[in-house]
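Quick notes on the structure that follows.
Computed from a predicted model, the values in this text were never measured in an experiment. Numbered from 1 within each chain, the chains take letters A, B, ... in sequence-line order.
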Amino acid sequence: MIDPALLRDHGDVVRSAMTARGADLSAALDALAALDADRRRLLPEIEGLQREQNESAAAVARAKKEGRDTAALQEDSRHRAARIKELSQQLEAVEQQRRDALLVIPNLPHATVPAGASADDNVEVRRHGTPREFAFTPQAHWDLGPALGIIDFERGVKLAAARFTVLMGAGAQLARALINFMLHVHTTEHGYTEVEPPFMVNAASLTGTGNLPKFEADLFKIAGDWDLYLSPTAEVPLTNLHRGEILDGARLPIRYTAYTPCFRSEAGSYGADVRGLIRQHQFDKVELMIVSTAEDSYAEHERLTGNAEEILRRLELPYRTIVLCTGDVGFAAAKTYDIEVWLPGQQAYREISSCSNTEAFQARRANIKYRPEGKKKAEFAHTLNGSGLAVGRTLIAILENYQQEDGSVVIPEALRPFMNGMARIERP
RNA sequence: GGAGAGGUGGCCGAGUGGUCGAUGGCGGUGGUCUUGAAAACCACUGAACCCGGAAGGGUUCCGGGGGUUCGAAUCCCUCCCUCUCCGCCA
């Protein structure tokens, strides 16, 4: 949620930020500003009447104690009560509309975010490793995996639906090893606390992160008499851990990591990445999440992105890091780095992590505050999140980058301790 | 799934229609005392929003929502949550 006071006092800043995003929100912002003005007109009027009503009630109490007649006072109060009720109903309607309007306004891009209209305008900030030279034509993982007997696409469809997959044998083991490896590095070297959250979340949590109300179509909702959704990312439960709390500033930054399965309906992406493991309705991810002070959040953002990159460096996978431009940065984010891993089967860098600083956008929606050390007034925290990393896509990257001419796949050195020492996955 | 009990400020715990945002205790902060600490004593100690340049003033909040009333923590309705027992179960 953007700061309502910013729209009120510096509407031009908000408007130009939305233009930079390529979002035409001028009508929505006009409506929001009008609702805000209505609210500020109604509120003092109601509060003044309530004050009179409180005084009147006290006068009745005094009069009764002294045995005087209170009929006139009560009659007066009755009229005022009706007026208060009438105005309050108006205010309630205005506030509801104002809330609804605020919840669909995206975040303001940070000043360091490059201007641009689409993903084509994203800017590469660094590149690590060199794509391997193959003496043969490298295969895509959707050929490698089934040939090794470790990925079964057909049976995933049989068990559930398209975009569900079964991992078998060394494939399942590899996914589990990756999860353990990532959690191990983040908890023992990067200072994150491991969390196992619920894999289903409620509407309040999804509203806090910004998935609701605007992106309900991307979610799987639980049928029946439940206000629950399958979590699309651990960002949702981790960010909401401190929803409605005021944290001690001395405790910040708080860093969490969690392995969870993630569930996304992938509505509207029917033509994209239909082959292979890239885009699934269910996938595993190790998430990184940080609650930070406002001053430190951009330093934390760099750190978090580096923590995610470190996994790829340990696995010796070539990657590049790009910063999303104003036209591509997500709804809740002020700034996002995408980390893209090299996939020889596609001869392309593909997203394997997305690391965002949402500043106070989610904190305002989820009411996450902290009391700066030595200060009395609580402030909105900044929240950050990033994949550290997407497990399925990491598995793909290993298969494709470490494939051998005979169709076997070498296990990266760093992963072998988590694979019971296995050094290679052979064809059956 | 069945039966019962209960949700009050950071915590414990009073309060069953009239200045109650709420007695008291604990915890916390500051002070007095002390070489220092403890103890004792004193004071302060929630949040959101509105008006205001500020100082300050005001409104709301006793699980959520609605209702009765001049007036609700207190009465009524409803929803949510927690706990206990039984059943079932990993």
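The CG-P distance, from A:Asp9 to B:G53, rounds to 12 Å in whole Å. Distance, A:Asn367 CG to B:G46 P: 17 Å, rounded to whole Å. Distance A:Asn202 CG to B:C80 P: 14 Å, rounded to the nearest Å. Between the P atom of B:G10 and the NE2 atom of A:His242 lies a distance of 17 Å, rounded to the nearest Å. In this structure, A:Trp226 atom CH2 and B:C80 atom P are separated by 11 Å, rounded to whole Å. B:C50 atom C1' lies 14 Å from atom CZ of A:Arg41, rounded to whole Å. Between the CD1 atom of A:Ile84 and the P atom of B:C50 there is a distance of 19 Å, rounded to whole Å.
A donor and an acceptor atom, one from each side chain of A:Asp248 and A:Tyr370, are nowhere located under 3.5 Å apart. One side chain, A:Asp328 or A:Asn122, offers a donor N or O that lies under 3.5 Å from an acceptor on the other. No hydrogens or angles considered: a donor-acceptor pair under 3.5 Å links the side chains of A:Ser354 and A:Asp338.
Under the Watson-Crick or G-U wobble criterion, with both distances below 3.5 Å, B:C20 is left unpaired in every strand shown. Base pairing of B:G56: its partner is B:C51, meeting the Watson-Crick or G-U wobble criterion (both donor-acceptor distances under 3.5 Å). Summarising the base pairing, B:C81 is matched to B:G6 through a Watson-Crick or G-U wobble pair whose two defining distances lie under 3.5 Å. Within the shown strands, B:U32 is the pairing partner of B:A40 under the Watson-Crick or G-U definition, both distances less than 3.5 Å. A 3.5 Å limit on both hydrogen-bonding distances identifies B:G67 as the Watson-Crick or G-U partner of B:C75.
Rounded to whole Å, the separation between the P atoms of B:A22 and B:U59 comes to 12 Å.
Under the ring-ring contact (aromatic ring centres under 6.0 Å, His included) criterion, A:His382 pairs with no residue at all, not counting sequence neighbours.
Closest-nucleotide positions on RNA chain B for A:Asp36 and A:Ile46 were compared, and the one nearer the 5' end corresponds to A:Asp36. For the pair A:Glu47 and A:Phe380, both in contact range of RNA chain B, the more 5′-proximal nearest nucleotide belongs to A:Phe380.
With B:U59, B:A47, B:C50 as the candidates, the nucleotide lying closest to the side chain of A:Ile246 is B:A47.
Note: A:His242 and A:Tyr256 have parallel aromatic rings, judged against thresholds of 30 and 60 degrees for the angle between ring planes.
With respect to A:Leu7, the side chain to side chain contact (heavy atoms under 4.5 Å, CB included) criterion is satisfied by exactly one of A:Val14, A:Val13, A:Asp36: A:Val14.
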Base, backbone or nothing for each nucleotide of nucleotides 68-73 of chain B, written B, S, -, heavy atoms under 4.0 angstrom, 5' to 3'?
S-BS--

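Between A:Arg350 and A:Asp273 there is a salt bridge, with a side-chain nitrogen of the basic residue lying less than 4.0 Å from a carboxylate oxygen of the acidic one.
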